[in-house]
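Predicted, not measured: the structure shown is a model, and the values here were computed from it. Convention: sequence-line order gives letters A, B, ...; per-chain numbering from 1.
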Amino acid sequence: MSLEIIGIFVLWLFLFGYVIVASIDFGAGFFNAYSLYRGNQHILNKIIQRYLSPVWEVTNVFLVFFFVGIVGFFPQSAYYYGTTLLVPISLAIILLAIRGSYYAFSTYGNRMPKRYTYVYGLSGLFIPASLSIVFTISEGGFISIEQSGPVLDIASLFTSPLTWSIVVLSITAVLYISAVFLTWYAHYAKDEEATTLLRKYALIWAIPSLITAIGIIVELKFHNPEHFERLVDLWWMFALSVLFFIGTFILIYKRMNYGLAFTLLCGQYYLAFFAYGISHYPYLLYPHLSIFDSFTNEAMAIALIIAFIAGLGLLLPSLYLLLRLFLFNKEYVQGRNDSHV
Amino acid sequence: MASEQGVLYSRALTELTLTFHIIYATIGVGIPLMIMIAQWIGIKKQDDHYILLARRWARGFVITVAVGVVTGTAIGLQLSLLWPHFMELVGHIIALPLFMEVFAFFFEAIFLGIYLYTWDRFENQKKHLLLLIPVALGASFSAVFITVVNAFMNSPQGFDIVDGQIVNISPLIAMFSPAMPTKVAHVLSTAYMTSAFILASIAAYRMLRGSTHLYHKKALYLTLKLALVFSISTALLGDFAGKYLAEYQPEKLAAAEWHFETEENAPLILYGVLDDEEIKYAIRIPYALSMLAHSNPFAEVIGLDQFDEDVTPPLYIHYLFDIMVTLGMLLILIALLYIIGLIRNWSFIHAKWFLWIMVLSGPLSMIAIEVGWWFTEVGRQPWILHGLMRTAEAATSNEYVGWMLVLFACLYLLLGAGSIYVLTSMFKRNTVEQELADRKIEKGGDTFES
Ligand code: HDD
Ligand code: HEM
Ligand code: HEM
């Protein structure tokens, strides 16, 4: 494996991690707001608080890892993406900031008025929507190189069907991933009422999430035929991914083994995410930027990889401890143990 | 290439974000250490006042961390959004510490989550304290790594330029740039010092409001003792930072000191105003600048006459430097008076006016941090990368920076007001007296020895 590929693999893996943990977080916020609207907030509130409270900062670091890493391994991407993405990313930062601070303020400070809970819930849909625009842009066709530098054609971006299908995909995926995870978590906490409600959400969002994903592949055929060809070559990965999807769906439907259902879901998204990533190779931005011409020098690449391995040696045991103490600790999950500061 | 206005807006937005982030970042670096010390004393003396102190600080800390994290995410992305040419260039050379910083955050975030949710969960209190060590280490190391990047911007090294190409890159040499040791040490020391003064301010404020509780006396004594230690070390390390400047960025020092002519036996100029290159109403301390720059009263100090006008920083940094140093000296004096006064039983340290001064110490220390950073960053101008890349060449060509400036200004207003509101109402609702009574923990800790 070349250094370029190691670099992009590590980054893609962390982005996948962010997609999963952030989806759970965003979806949970949305379900919380929705249940407040429906007047049955008591059902979900506790489950969501218990899971989210100790880990929200960790979720954010996954994102930071990705963008710091990509500038480290592929400095030229800072130039292309940095110049063009000012507006969409700034909006995403502002939403993330409101969300993160609201979260801390309300958990540790006061009960917040209702409308903040709605804003919080909706931000969980707008953030993935605004971040997903990066994927659309990476397909090419929206950036032209002018004399002053790369320029984003905002009008054609916002009128392209590809943009909107990716936005819809990101939202359905967020709701589906989150619902499946929380179903399992609620079941684990022996909270039958919440399990029933969340299971219903999971079933509702399953089919839309699949349809939107297939929709994107069709869109790509028109927007970026080269990428589409490469996607088709990887048909077996997508087929496997769909099998995993069916597995999750059946388990949830039959109320069996929710833990396995969530594992299969991770497998489904892992396969689809990597199939997409592999078919995108070697471009970071069609057709201007490939991982080879944007790559950093060898000395820096090796230093980053060494730092990464050393860092993992430190992090993996700590993450394990975190999961042991909260996610997989029966006493904590079931709410018998309350020792917050 | 960016327009002139674009550069201006990019600079303004960077200044705004960093000026806001540094408030929360400084607290984020210093407070974990203070919590650790208080909890450790509490466990060792079996004094529940200190344990409660640690617990209440930790609660407030959560709020400031949240704002630190979101503004940090903003500045992290803005570096690429606003300075794409800069990041493209330095990504090749100094990406390593930025990357390591993320691991430091990760480490901190994980253990902070665990620490906050495991109060009273362990039989052995020391085990709980152990969880705080990675939090404090993670926070301090993120400051170390980011300051390493900033040091590199001031004294870039670890590469060669051949025919306009960067070659022979060595990430480690780039990290250990000449500016690094003094800068890192000074930044860490100021973060600890400022956190201690802020906590002292709170205790002093409670006493002004009429509290005579031992809890606040202990808090004030502990925090001012720490503040004294760190403010003295800050001044010493600041002096080393000045010596670094004399050696590697003489134009910054010369502009800060209004030192126009290269000369021996250089005097130090404090305050004053500039009237057409003529300095008025200033205090001159003979030989002091030579002393500051080279530890030798007769040494030669390079003046602004040695530099082209288009590579010298704006002269107003003189005021920024003076404010920082004045505040540094003043804060040492405040802490010293209180500690000596307590030992010698001077009564004025309990007087209202002196309590007010102590209430001010926290904000003053934060002001010193702010002007210190403005001094270093403005003092590096016109360079973004000293001697290699100008700020104007680095900025984005995107046309919407002005709008983003407005948006972020609103955001920070919201976050600042929100965090102040939440912090004050959080502690008002749950007072110390009430919490102590609730927990019936007046058993230990009714004694106070200084
Ligand atoms: C509580 C805050 C505080 C206080 C009391 C002081 N400083 Fe400071 N100083 C900082 C906070 C700070 C800072 C914010 O941390 C800076 C900005 C950038 C940096 O590296 O540290 C800084 C930078 C800085 C620099 C510039 C370094 C550079 O540009 O590379 C010098 C020469 C000094 N300081 C010197 C001093 C001296 C002689 C002080 C005497 C008491 C002093 N500082 C007190
Ligand atoms: C946290 C404390 C910091 C503060 C308060 C701060 C503040 C500032 C200020 C006021 C400027 C503008 C100078 C001018 O008006 O010309 C500036 C410039 C800049 N700083 Fe810093 N800075 C800090 C740390 C850093 C660090 C650690 C980095 C790098 C990793 C950095 C990167 C930059 C860049 C890229 C600029 C260029 C923009 C410009 O020159 O206006 N800063 N900073
Ligand atoms: C250009 C300069 C800077 C950048 C790019 C930057 C970047 C960041 C980022 C991305 C985060 C959020 C990490 C997370 O998700 O947990 C953060 C938080 C933090 N930053 Fe900064 N930072 C800068 C300046 C500084 C400086 C100068 C200091 C210290 C002196 C500092 C100390 C911290 C700390 C301690 C946190 C953790 C939040 C907290 O505990 O309050 N940062 N920063």
Side-chain angles (χ1 to χ4, degrees), chain A residues 53-55 57-58 60-61 63-65 67-69 71-76 78-87 89-91 93-94 96-98 100-101 103-105 108-110 148-149 151 296-297 299-300 303-304 307-308 311 314-315 318-319 321-322 325-326 332 337 339-341, chain B residues 1 55 58-59 62-63 65-67 69-71 73-74 76-77 80-81 84-85 87-89 91-93 95-96 98-103 105-107 109-114 116-121 134 169-172 396-398 400-401 404 407-408 411 414-415 418-419 422 425-426:
Chain A
S53 305
V55 298
E57 214 193 326
V58 178
N60 192 60
V61 190
L63 177 67
V64 175
F65 184 98
F67 70 69
V68 171
V71 174
F73 278 104
F74 305 99
Q76 232 185 331
Y79 175 61
Y80 283 92
Y81 280 118
T83 309
T84 50
L85 289 180
L86 177 69
V87 176
I89 296 287
S90 292
L91 294 179
I93 301 171
I94 289 175
L96 275 170
I98 291 177
S101 54
Y103 182 72
F105 290 177
Y108 307 108
N110 316 39
S148 62
V151 176
T296 187
N297 57 87
M300 180 56 78
L304 290 177
F308 177 74
L314 204 65
L315 285 186
S318 333
L319 268 176
L321 188 66
L322 183 73
L325 282 172
F326 297 106
Y332 177 78
N337 185 328
S339 29
H340 177 249
V341 60
Chain B
M1 205 51 208
R55 196 160 181 162
R59 244 179 253 149
V62 179
I63 305 291
V65 166
V67 182
V69 167
V70 297
T71 53
T73 309
L77 280 161
S80 296
L81 295 174
H85 296 272
M87 287 309 274
E88 186 186 7
L89 175 70
H92 281 281
I93 317 168
L96 183 61
L98 272 177
F99 193 63
M100 300 199 320
E101 193 197 4
V102 183
F103 284 101
F105 288 139
F106 228 136
F107 200 49
I110 291 173
F111 281 93
L112 183 62
I114 300 179
L116 291 176
Y117 282 83
T118 47
W119 276 87
D120 302 333
R121 193 152 146 186
I169 292 169
S170 164
L172 281 179
T396 180
S397 53
N398 196 300
Y400 296 97
V401 184
M404 297 303 118
L407 273 182
F408 277 99
L411 174 70
L414 200 73
L415 291 180
S419 50
V422 171
S425 64
M426 188 161 117

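Distance alone, capped at 3.5 Å, places no donor-acceptor pair between the A/N60 side chain and the B/V70 backbone.
Interface remark: of the candidates A/L321, A/L304, A/V71, A/L304 forms the most heavy-atom pairs closer than 4.5 Å to chain B. The choice from A/G72, A/A97, A/G69 that makes the most heavy-atom pairs within less than 4.5 Å of chain B is A/A97. Ranking B/M87, B/H92, B/M100 against chain A, the residue ahead of the rest is B/H92, based on heavy-atom pairs under 4.5 Å. Note on A/I94, A/L86, A/L63: by heavy-atom pairs under 4.5 Å with chain B, the leading option is A/L86. Heavy-atom pairs under 4.5 Å with chain A peak, among B/P134, B/P171, B/S170, at B/P171. Chosen from B/F99, B/Y400, B/F111, the residue pairing most often with chain A at heavy-atom distances under 4.5 Å is B/F99.
A pairwise comparison of heavy atoms in B/G76 and A/F67 identifies C-CE1, 3.7 Å as the closest pair. Across all non-hydrogen atoms, the minimal contact from B/A109 to A/V61 is CB-CG2, 4.2 Å. Of all the heavy atoms in B/S397 and A/G149, the pair that sits closest is OG-CA, 4.4 Å.
In this structure, no portion of B/L172 lies under 4.5 Å from any heavy atom of chain A. Residue B/S419 touches chain A through both its backbone and its side chain, counting heavy-atom pairs closer than 4.5 Å. When heavy atoms are compared at a cutoff of 4.5 Å, A/Y80 does not approach chain B at all. Interface remark: B/L411 contributes side-chain atoms only to the contact with chain A (heavy atom separation under 4.5 Å). When heavy atoms are compared at a cutoff of 4.5 Å, B/M404 approaches chain A solely by way of its side chain, counted from C-beta outward.
For A/L91, the side chain to side chain contact (heavy atoms under 4.5 Å, CB included) partners two or more places apart in sequence, or in a different chain, are A/V87, B/L407. B/A95 pairs by the side chain to side chain contact (heavy atoms under 4.5 Å, CB included) definition with A/M300, not counting sequence neighbours.
Between the side chains of B/N398 and A/T84, not a single donor N or O lies within less than 3.5 Å of an accepting N or O.
Aromatic pair A/F65/B/F103: centroids less than 6.0 angstrom apart.
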